[in-house]
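This report concerns only the one structure given below.
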Amino acid sequence: MLAPRYTSFDRFGGWSLEAPLTVQTKSGAPASLTNLEALFNSPLEHPSLSRGIGNANPLAGYYLESFLKRHGYAAHTVFDWEDDSALERALATDPLAVLFSTTFITDPRTLAACLDSLRHTIDDLPLLIGGPYVYKQAHAFARDAGESRRRALAAHGVDTNEDLLFAEHPDQCITDAIYVAAEYGERTALEVLALIERGGRRPADFAEIPNLVLMTADRGWHATERRPETFDIDHDYVRWTEIDELPTSIPVRTSVGCPYRCRFCDFHRLHPHSTLRSVDSILAELREATNLGRGFISFVDDNIFPTARRASELARGIIDAELDVIWGGFFRADHVDESNVQLIRESGCRFGFCGIESGDLDQLERMGREGDPQRAVAGVELCTAAGIDMIATFLVGFPGETRSTLDNTVELMNRLPIENPGSASFEIYPFYLSPSTAADAPAFRRRFGLRGRHRDWSHNTMNAAEAAHTWAPYMFRGVEEVPYNYKTADVPSWWDLDQRREAFARRRALTLGFLDRVDDAEIQRLFADLYRWIVEPSKNADTPPWQNWLADRTRQPGAHARRDW
C-alpha cells in the first residue's frame, strides 16, 4: 500500500489549500514558537522540528493494511514518499501488487506526476488506484461527459475534459492502472487481488469485476457494473494490533458522511448518507490502541459532533470506560454548551478544529452553511475556558464575497478569546472550486458570474489570486491579537499567558514585515525582536542573520501578496 502523507507531494510541486500566512523555517517546518524555541535554545546543531498535522499519515493506509491482513494478505503501508527509498525497501518483499490511495489527490495532473514517478520504481507490477478522488472521478465521467453539461460549463470557462481523469486523451502513465471506483472499495480490491493471483494482468482480464474503470483496447474507458459493497461501520475499523508501525497519534473514524450540504464542500457527495458509528465500537478501537501504549487520538471525521447530544454521548462513553486518552478533531463549536463542555474536557479533549467560515450572515446563506457564527464563537469561548485549544477556520472568496463581508468576518474573528487557559487561533483558506460541489452547478455559476475551477476562478466580486494574495492578508492584518495557527503545538508548555501573548505579537510583526516586503535590514530587526524574546537570557549572544534560521523570501508570506484594497 502506498498512502502518501500530505507533505510527500512536495516532490511534485505540492501546494496547500491554505493561504500563505505562516512564517517558514529553513528546513520547511513551520515557525511555531515551539520550533523556534528548539532552534534557538537547543544544544543540537539540527534539532528535530515538528511539522504537526501536516505530516500526519492518512487513515486509509492503516485501514487497508488492517483489512487486507484480516483477509490473508501480507500488507505493508508506505506513508513517507518524500523520495523512493521507503517504497524500494517495501518492494524488496516481492509484492503481488501495489495499491495507491488518492486521499490527497485533487486533479489529474498531480495524479499523473505521481504515477509517472511510481512506474519508474515498481516497473510492471499491477497497480490498483482507489480512494475518494477516483470515486469522484467516476461520477464526473458519467456526469460531465454529456454534451449538454459540457457546453453549459464551457460557457463558464470550464473545459471538463481537462478535469477528467478518465479523459479522451489521457496521459500514458495513467492508462495501465486498475481503478477501483466505489464508495468504499476494499471488497472490490479483494476481487482484483484474487484475480491477479490467478494470473490476471491486462485491464480486459478484470472486466467482469464490478466497480472498476479500465482502459479498453481502443484507448477508451470502460466503467464496469456498479454494485454496492457491504460495509459495517461498527465492524470495519482498524485493528491496531495488526499494524506494522504504529503512529504516535492514532487516527480514528467515528462516522461516515456529513449531514450538512455546504456548497463549497463535496464530502457529502462521497457518502450521501450520514452514518454514526456506535460509541461501543469506538471505545473498542480506543481500548485496543491504549493497550498498545498509544493514548493520543485524532478523530478524523469532518464533524465528530453533528449534535450536542452526540458530543455528550461520546465524551461520557470515554469517561465511563476509564480510557486514559488525549484527543482532538473537527467539530462544530456551536454544538458545545454548558451542559457538555466539562464532559468533553474530562474525556480527554485538548484541541478542536471548527469551521466558522464567515462572520457575515448573507455570505453564510450563500455558502449553504447552517449555524449561527455567534454561537460558534460562544462555543470556542467555552472550550478555551475549559482548557481546550481551538482552531477556527475561515473561507475567503466564496461567490458574493466583498470587502464588507470580510470586514464582518474580521470583526467576528477579533472576538475569539485570547486570555483563557486554552488558546484560540485561526486559519484562512481561499475558496477552492471543486468540480463535485454545488458551487460548480451551471445555475449557481450564472447567479454569480462564476468562471473557472480549482484554484483558478473568478466571479462578479473577486478572483482566486485576489482571495489568496490580497484579501487573505487583509484579514490577517485586521486580526490584531488572536494568533494564526501553525499546525503544531505552537507554544512551549512552560510558557505563561504573558509570554505567549508577547511572542505572538512579535511573530505577527515579522509576518507583516514579509507581507509588506520590507528590506532585509527591517526583517532582521523584526527577527531580532522575536529571537531575543525566545532565546535563553543566559546566552547573551548576538542575534544571527534571519537567513540562518528562516526560509528565503520565496517561501515566506508576501511572496505574492498585494495591497489592492
Side-chain angles (χ1 to χ4, degrees), residues 17 102 105-110 131-168 181 183 213 221 223 226 256-274 302-303 355 357-358 360-371 393-402 405 429-468 471:
L17 288 170
T102 60
I105 300 289
T106 59
D107 63 82
R109 290 160 292 283
T110 302
Y133 178 68
V134 175
Y135 185 48
K136 286 187 284 189
Q137 282 293 308
H139 281 283
F141 181 55
R143 181 193 67 216
D144 290 356
E147 190 61 32
S148 61
R149 182 174 172 87
R150 183 174 295 185
R151 285 198 304 270
L153 287 170
H156 299 282
V158 175
D159 182 348
T160 55
N161 200 56
E162 286 187 357
D163 265 347
L164 286 176
L165 169 62
F166 307 118
E168 295 174 3
E183 185 175 4
V213 179
W221 291 101
R226 288 273 184 90
V256 168
C258 179
Y260 299 100
R261 298 294 183 264
C262 301
R263 291 190 179 97
F264 55 79
C265 180
D266 62 7
F267 287 174
H268 66 275
R269 304 286 178 129
L270 288 170
H271 305 291
H273 305 292
S274 180
D302 179 48
N303 179 15
E357 316 308 352
S358 177
D360 185 271
L361 294 178
D362 291 335
Q363 190 66 355
L364 289 170
E365 187 280 328
R366 287 186 282 270
M367 293 177 181
R369 176 68 166 80
E370 297 179 22
T393 62
F394 295 88
L395 190 65
V396 56
F398 191 83
E401 194 85 271
T402 64
T405 64
Y429 289 84
F431 172 48
Y432 179 86
L433 179 48
S434 170
S436 302
T437 59
D440 189 52
F444 189 82
R445 286 175 172 274
R446 285 192 295 273
R447 180 181 169 192
F448 294 99
L450 180 57
R451 298 179 60 82
R453 267 183 178 172
H454 301 292
R455 291 174 294 154
D456 184 12
W457 52 261
S458 65
H459 52 67
N460 293 336
T461 56
M462 199 170 289
N463 63 44
E466 291 167 346
W471 295 110

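Starting from 1, each residue takes its place in the sequence as its number.
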Between the CZ atom in Arg151 and the OG1 atom in Thr160, the distance rounded to the nearest 0.5 Å is 11.5 Å
Thr110 (side chain) donor-acceptor with Ile105 (main chain) under 3.5 angstrom:
no
Closest heavy-atom pair, Gly452 versus Val158, reported as atoms and distance to 0.1 Å, is O-CG2, 3.7 Å
Any donor-acceptor N/O pair, Asp266 side chain to Arg269 backbone, under 3.5 Å:
no
Exercise: identify the closest heavy-atom pair between Thr102 and Val134
OG1-N, 3.8 Å
Between His459 (side chain) and Gly397 (backbone), is there a donor-acceptor pair under 3.5 Å?
yes
Between the side chain of Asn460 and the main-chain N/O of Phe448, is any donor-acceptor distance below 3.5 Å?
yes
d(Leu361 CG, Arg369 CZ) to nearest 0.5 Å is 12.0 Å
Atom pair NE2 (His268) and SG (Cys258), whose distance is rounded to the nearest 0.5 Å:
8.0 Å
Evaluate the side chain to side chain contact (heavy atoms under 4.5 Å, CB included) criterion for residues Tyr260 and Asp302: first the C-alpha distance (whole Å), next the side-chain angles of each, then the deciding distance (0.1 Å), finally the verdict.
CA-CA 10 Å; Tyr260 299 100; Asp302 179 48; over 6 Å; no
Checking Tyr429, Phe444, Trp471 against Phe398 for ring pair (Phe, Tyr, Trp, His ring centres under 6.0 Å), the one that qualifies is Phe444
Got a donor-acceptor contact below 3.5 angstrom from the Gln137 side chain to the Leu165 backbone?
yes
Would you name the heavy atoms of Ala138 and Ala181 that are closest together and state the gap between them?
CB-CB, 3.5 Å
Under 3.5 Å donor-acceptor, Trp221 side chain and Ala167 backbone:
yes
Heavy-atom closest pair, residues Gly371 and Leu364
O-CD1, 4.4 Å
Verdict with supporting geometry, Met367 and Cys262, side chain to side chain contact (heavy atoms under 4.5 Å, CB included)
CA-CA 6 Å; Met367 293 177 181; Cys262 301; 5.8 Å; no
How long is the straight-line distance from CZ of Phe264 back to CD of Glu357, given to the nearest 0.5 Å?
4.0 Å
Nearest heavy atoms of Glu183 and Pro272, plus distance in Å
OE2-CD, 4.1 Å
Are the side chain of Arg109 and the backbone N or O of Glu162 linked by a donor-acceptor pair below 3.5 Å?
yes
What distance do Tyr133 atom OH and Ser436 atom OG have between them, rounded to the nearest 0.5 Å?
9.5 Å
Could you pull out the closest heavy-atom pair between Leu450 and Pro399, with the gap in Å?
CD2-CG, 4.0 Å
Ring centres under 6.0 angstrom apart (His139, Tyr135):
yes
Between Leu153 and Pro442, is any pair of side-chain heavy atoms under 4.5 Å apart?
yes
Would you find a donor on one side and an acceptor on the other, under 3.5 Å apart, between the side chain of Arg263 and the backbone of Arg366?
yes
Could you go through the side chain to side chain contact (heavy atoms under 4.5 Å, CB included) check for Leu395 and Gln363 one step at a time?
CA-CA 10 Å; Leu395 190 65; Gln363 190 66 355; over 6 Å; no
Here the gap from Asp440 atom CG to His454 atom NE2, rounded to the nearest 0.5 Å, amounts to 8.5 Å
Please check if the side chain of Arg453 supplies one atom and the backbone of Leu433 the other of a donor-acceptor pair under 3.5 Å.
no
